[in-house]
Enquirer: 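Right, I'll just put the structure down here and ask away after.
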Amino acid sequence: MRPKVGVLLKMKREALEELEKYAEVEVIPYPSEEELKNKIHEFDGIIVSPVTKITKDVLEKAERLKVISCHSAGYDHIDVEEATRKGIYVTKVSGLLSEAVAEFAVGLLINLMRKIHYADKLIRRGEWESHVKIWTGFKGIESLYGKKVGILGMGAIGKAIARRLIPFGVELYYWSRHRKVDVESELHATYMDIDELLEKSDIVILALPLTKDTYHIINEERVKKLEGKYLVNIGRGALVDERAITEAIKQGKLKGYATDVFENEPVREHELFKYEWETVLTPHYAGLAVEAQEDVGFRAVENLISIFRGIVPEDLVNKEVLKIRPIESVKML
Ligand SMILES: NC(=O)C1=CN([C@@H]2O[C@H](COP(=O)(O)OP(=O)(O)OC[C@H]3O[C@@H](n4cnc5c(N)ncnc54)[C@H](O)[C@@H]3O)[C@@H](O)[C@H]2O)C=CC1
Ligand SMILES: O=C(O)C(=O)COP(=O)(O)O
């Protein structure tokens, strides 16, 4: 029997056609939790974007579900622990967005330090001369050259950021779950414990996934270690305690915060909106470059089909699931 697959986003037509070769497909773009609860029992597999949360309540109704294929590198919108317990395979799309996202992270950082976003506003308001006031230093514009940059999370994106920063003449530090000897020889980045890294860096970049271990990893205590420094967040909003960050910006302790991600998205209003000099804020769009998005749909389809064929894909997030429900028992193709 062909698997029934729910596509819970607007996916590229070509990727959808590829999926239709193997599965009975129903497209329900961005359903509400209620809609999903009423529908999920029909599916053997789903393809899902970061906008749709797959909660414990949804999974409770997912009687047939065997595969959740994320159309993204992040998988924090899935209750992975519960999925694993139920023997559901969860996959992500690794690598495809990294170059575009890393480029964007560097863009955010340069913008934050050189105030490009702010200068753009000044000239449009007819305030050409005011740049002189700024330049003479009442608030300070800084160059990246010679700075110490600490990267938290040295995965696909973290490495791509590091590679881009080397030509800027910075000193690189990193912290990740595991020490990476290849990174150290290729990128000349020094491994440090997170707290030492926060203390020694002038700039900190977050490129971690959001998990129960990394939730609020930049908490109130750690924000104190960022006094006089810049922070860039390209991972997920809840890697930081946004309230503590906002307070530190308000008090002039954190020099700047640039982020593409927020604790509660979408964001319509935020206290940080007031701090135009100190913050650069974008609506979760670092991965949105046509070149980056080109193959994401195909990879999400490939991961899902691979599992239904009894092949474990490299992009499997919850490897422990293999012990709970062996791959042979999810084979449908
Ligand atoms: N702003 C955006 O549009 C985008 C954001 N992202 C976010 O970036 C995250 C990272 O993506 P990739 O680099 O592709 O992932 P990856 O899996 O290649 O790298 C993640 C790194 O974080 C480390 N890590 C994981 N858990 C850790 C922990 N508890 N403590 C210390 N280190 C830990 C891993 O060892 C790995 O080096 C994604 O999970 C996603 O949330 C990804 C794409 C686009
Ligand atoms: O891949 C990820 O984790 C992302 O955050 C990308 O999000 P998007 O699918 O571009 O809204």
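For ligands, and for the atoms within them, numbers begin at 1 and follow the listed sequence.
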Enquirer: Within ligand 1, which atoms have a heavy atom of K92 less than 4.0 Å away?
Expert: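 That gives atoms 17 (O) of ligand 1.
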Enquirer: Among all protein heavy atoms in this structure, tell me which lies nearest to atom 28 (C) of ligand 1, with the distance rounded to 0.1 Å.
Expert: T214 CG2, 3.7 Å
Enquirer: Hey, looking at atom 7 (C) of ligand 1, which of G235, A292, C70, P209 has the closest heavy atom?
Expert: G235
Enquirer: Please state which part of L288 comes within less than 4.0 Å of ligand 2, counting heavy atoms only: side chain, backbone, both or neither.
Expert: side chain
Enquirer: Who's the nearest protein heavy-atom neighbour of atom 24 (N) of ligand 1, and how far?
Expert: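 Result for atom 24 (N) of ligand 1: L208 CD2, 3.8 Å.
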Enquirer: Can you tell if the side chain of Y75 reaches within under 4.5 Å of the side chain of N318, non-hydrogen atoms only?
Expert: no
Enquirer: Going by heavy atoms, is S176 under 4.0 Å from ligand 1?
Expert: yes
Enquirer: Can you tell which part of L97 has a heavy atom less than 4.0 Å from ligand 2: side chain, backbone, both or neither?
Expert: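 Within the 4.0 Å criterion, L97 contacts ligand 2 through side-chain atoms alone.
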Enquirer: In terms of residue, atom name and distance, what is the protein heavy atom nearest to atom 1 (O) of ligand 2?
Expert: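 Atom 1 (O) of ligand 2 sits closest to the protein heavy atom A73 N, 2.7 Å.
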Enquirer: Taking 4.0 angstrom as the limit, do K12 and E294 come out as a salt bridge?
Expert: yes
Enquirer: Tell me which one of I157, V93, V101, L97 gets a heavy atom nearest to atom 42 (C) of ligand 1.
Expert: I157
Enquirer: Hey, are K39 and E35 close enough for a salt bridge, meaning a charged N less than 4.0 Å from a carboxylate O?
Expert: no
Enquirer: I need the atoms of ligand 1 closer than 4.0 Å to a non-hydrogen atom of A73, numbered in the order shown.
Expert: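 This gives 39 (O), 42 (C), 43 (C) as the contact atoms.
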Enquirer: Using only heavy-atom distances, determine whether the side chains of E263 and H216 contain a donor-acceptor pair under 3.5 Å.
Expert: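 The answer is yes; a qualifying pair exists.
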Enquirer: So is K92 touching ligand 2 or not, going by heavy atoms under 4.0 Å?
Expert: no
Enquirer: Would you mind telling me if ligand 1 is within reach of the side chain of W175, the backbone, both or neither, using heavy atoms under 4.0 Å?
Expert: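 The part of W175 near ligand 1 is the side chain, not the backbone.
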Enquirer: Quiz question: by atom type and distance under 3.5 Å, do the side chains of D315 and S94 form a donor-acceptor pair?
Expert: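 There is such a pair (donor and acceptor under 3.5 Å, judged by atom type) between the side chains of D315 and S94.
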Enquirer: Purely on distance, is any nitrogen or oxygen of A156 under 3.5 Å from one on ligand 1?
Expert: yes
Enquirer: With a cut-off of 4.0 Å, which atoms of ligand 2 are near a heavy atom of G74?
Expert: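 Those atoms are 1 (O), 2 (C), 3 (O).
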Enquirer: Out of P50, S49, A292, whose heavy atom is nearest to atom 9 (O) of ligand 2?
Expert: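 Ranked by closest heavy atom to atom 9 (O) of ligand 2, first place is P50.
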Enquirer: Can you tell me which residue and heavy atom of the protein come closest to atom 7 (O) of ligand 2, and the distance to 0.1 Å?
Expert: H284 NE2, 3.5 Å
Enquirer: Does G287 come within less than 4.0 angstrom of ligand 2, counting non-hydrogen atoms of the residue?
Expert: no
Enquirer: Below 6.0 angstrom between ring centroids: does that apply to Y191 and Y174?
Expert: yes
Enquirer: Short list, please: which atoms of ligand 1 are under 4.0 Å from a heavy atom of K180?
Expert: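 Under 4.0 Å from K180, ligand 1 has these atoms: 36 (C), 37 (O).
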Enquirer: Report the part of E265 (side chain from C-beta onward, or backbone N, CA, C, O) that has a heavy atom under 4.0 Å from ligand 2; answer both or neither where that applies.
Expert: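 Under 4.0 Å from ligand 2, E265 contributes no heavy atoms.
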